[in-house]
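Working notes for the structure below.
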Amino acid sequence: MTVKPIKGFSKLSKDAKTEWLIDNYFEQPDKALSLIKSYWHSDANLQKLHDEFIENTLTNYYMPFGVAPNFLINDKMYCLPMAIEESSVVAAMAKSGSYWLERGGFKAKVISTTKIGHVHFVWRGADFNDLQQYFDRVKPLLIKETNDITRNMTARGGGILDIELINKSDLEPNYYQIKGSFDTRDSMGANFINTVLEKWSEIFEQYIGDAAELSPDDRQIEVIMCILSNYTPECLVRAEVSCPVEALTAGTDMDPQTFVDNFVRAVHVAEIEPYRAVTHNKGIMNGVDALIIATGNDFRAIEASVHAYAARNGQYKSLSHVEVENGQFTFYIELPLSLGTVGGITSLHPMVKLSNELLGKPNAQELMQIVAVAGLAQNFSALRSLTTTGIQKGHMKMHLMNILNQFEATLEEKNAIINTFKDRVPSYSLALEEFCKLRGITVEQYTASNN
Ligand code: MEV
């Protein structure tokens with residue numbers, strides 16, 4: 001089907017947009033239309049709220065919302081809300097919560113909360129010292145003239161922490177920055193920082209034009225852009241677990257030293273081998289993102305920041321680390337997490353509000369600690385499985401239900417097939433064999449009728 005471009009799509013009504021879409025892109029428009037409508041919320045006001053989050057909303061896109069109970073963090077019990085589609089992530093998280101509950105729980109602390117933004121600009125003057133002197137003179141004005149924007153944030157204990165002029169002209173001709181450091185308290189702060197930066201660029205551009213101490217040629221800047229940085233290495237949180245080595249395998253027949261040796265080696269592999277580090281960190285982000293989405297935070301920003309942090313020394317490495325000293329096992333993580341518990345959709349999305357209530361209405365610093373714990377817990381579970389039973393045992397057990405749903409198996413068929421995998425690791429083809437056996441057909445017959 002060749003679809004003609006459409007002008008003014010965003011101005012059409014929701015019905016008109018849907019009609020255009022199903023007429024142009026779907027072989028069975030009625031089926032597509034009824035699917036789209038079946039995901040509308042029955043409460044029209046709630047649907048309207050969702051419609052207005054973004055442009056061109058047609059319907060909703062469900063993700064499972066699950067919880068992982070039994071998390072003891074800094075001596076307080078939490079039940080973690082998780083929005084994620086991957087079968088085994090919540091189960092792994094819950095396992096880790098219970099495991100560490102029996103071993104003293106998680107400890108977490110915020111190391112720093114500074115966020116950064118830049119006015120990126122071009123200045124064609126000859127001597128950087130002239131620009132620096134002018135900047136030093138105008139800097140108090142940058143603070144004073146943004147008072148209207150910063151007043152509330154300052155009253156809450158945040159605001160502008162510092163403003164610096166940075167010379168980057170050795171990397172890009174005539175390129176300089178005004179670098180702002182901010183504390184945005186319980187908000188993620190993107191709108192606050194960007195508004196301040198845009199105001200600074202206006203003030204700077206205007207004042208430099210009148211700077212008598214600069215030569216006429218030096219009195220001009222060209223603003224490239226004003227934007228916060230999603231890289232937040234100074235908005236950092238640490239989480240850790242620790243227990244005696246022999247406690248690690250308590251209640252199992254595993255030798256604790258063998259367990260710890262394999263575990264430590266697995267972390268070291270992720271510290272030296274980027275191919276493994278990416279997967280290792282992906283597992284950490286399974287936990288982090290699920291909480292970030294449930295609490296209405298920006299998972300793209302967090303992903304970008306975390307991976308840049310993992311490569312901060314020039315090689316992409318594990319975000320978690322392990323130490324064994326005097327028979328004590330310590331596993332820890334440091335993550336750059338710029339999170340908000342106010343602003344954005346936090347006071348709008350009903351499930352985000354519910355998640356925050358479930359967590360005891362944390363402030364941003366508490367949420368940073370909970371999320372870092374989620375990353376560490378998820379990583380611990382993955383490494384524990386990888387270095388003992390292998391990952392597929394737990395993962396495929398959870399994923400089996402997705403496979404059976406794909407076959408459209410009945411409840412009885414599901415129960416019977418799950419039972420056959422009590423003592424062996426399921427796979428797609430083994431599950432299909434069992435399914436076909438139950439239906440009295442061959443795998444070839446099933447495949448032919450489903451292609
Ligand atoms: C799967 O989503 C995540 C893991 O691959 C993480 C890891 O390998 O550490 C299991």
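Whatever order the structure lists them in is the order used to number ligands and atoms, beginning at 1.
- When each atom of ligand 1 is checked for a heavy atom of Lys282 under 4.0 Å away, the hits are 1 (C), 2 (O).
- Between the side chains of Ser169 and Asn167, at least one donor N or O lies within less than 3.5 Å of an accepting N or O.
- Of all protein heavy atoms, the one closest to atom 3 (C) of ligand 1 is Asn286 ND2, 3.5 Å.
- Nearest protein heavy-atom neighbour of atom 8 (O) of ligand 1: Arg276 NH1, 2.8 Å.
- For ligand 1, the atoms sitting less than 4.0 Å from at least one non-hydrogen atom of Ala382 are 9 (O), numbered in the order shown with element in parentheses.
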Could you walk me through whether Ser305 and Asn230 pass the side-chain hydrogen bond (donor to acceptor under 3.5 Å, both in side chains) check?
CA-CA 6 Å; Ser305 182; Asn230 286 125; over 6 Å; no

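- Within 6.0 Å of the OH atom in Tyr39, the count of heavy atoms belonging to other residues, nucleotides or ligands does not exceed 12.
- Close approach of ligand 1 to Ile391 (heavy-atom distance below 4.0 Å) involves ligand atoms 10 (C).
- In this structure, a donor-acceptor pair under 3.5 Å is absent between the side chains of Ser338 and Thr232.
- Summary of contacts: the protein heavy atom closest to atom 5 (O) of ligand 1 is Thr279 CG2, 3.5 Å.
- Two rings, from Tyr78 and Trp100, have their centers 6.0 Å or more apart.
- Aromatic ring centroids of Tyr176 and His120 lie 6.0 Å or more apart.
- Looking only at protein heavy atoms, the nearest one to atom 1 (C) of ligand 1 is Glu86 OE2, 3.4 Å.
- For the pair His280 and ligand 1, the shortest N or O to N or O distance does not fall below 3.5 Å.
- Backbone and side-chain nitrogen or oxygen atoms of Asn379 are examined, and none is located within less than 3.5 angstrom of a nitrogen or oxygen of ligand 1.
- Between atom NE2 of residue His307 and atom CG of residue Asn281 there is a gap of 6.5 Å, rounded to the nearest 0.5 Å.
- Short contacts between ligand 1 and Leu386, defined as distances under 4.0 Å to a heavy atom of the residue, involve ligand atoms 7 (C), 8 (O), 9 (O).
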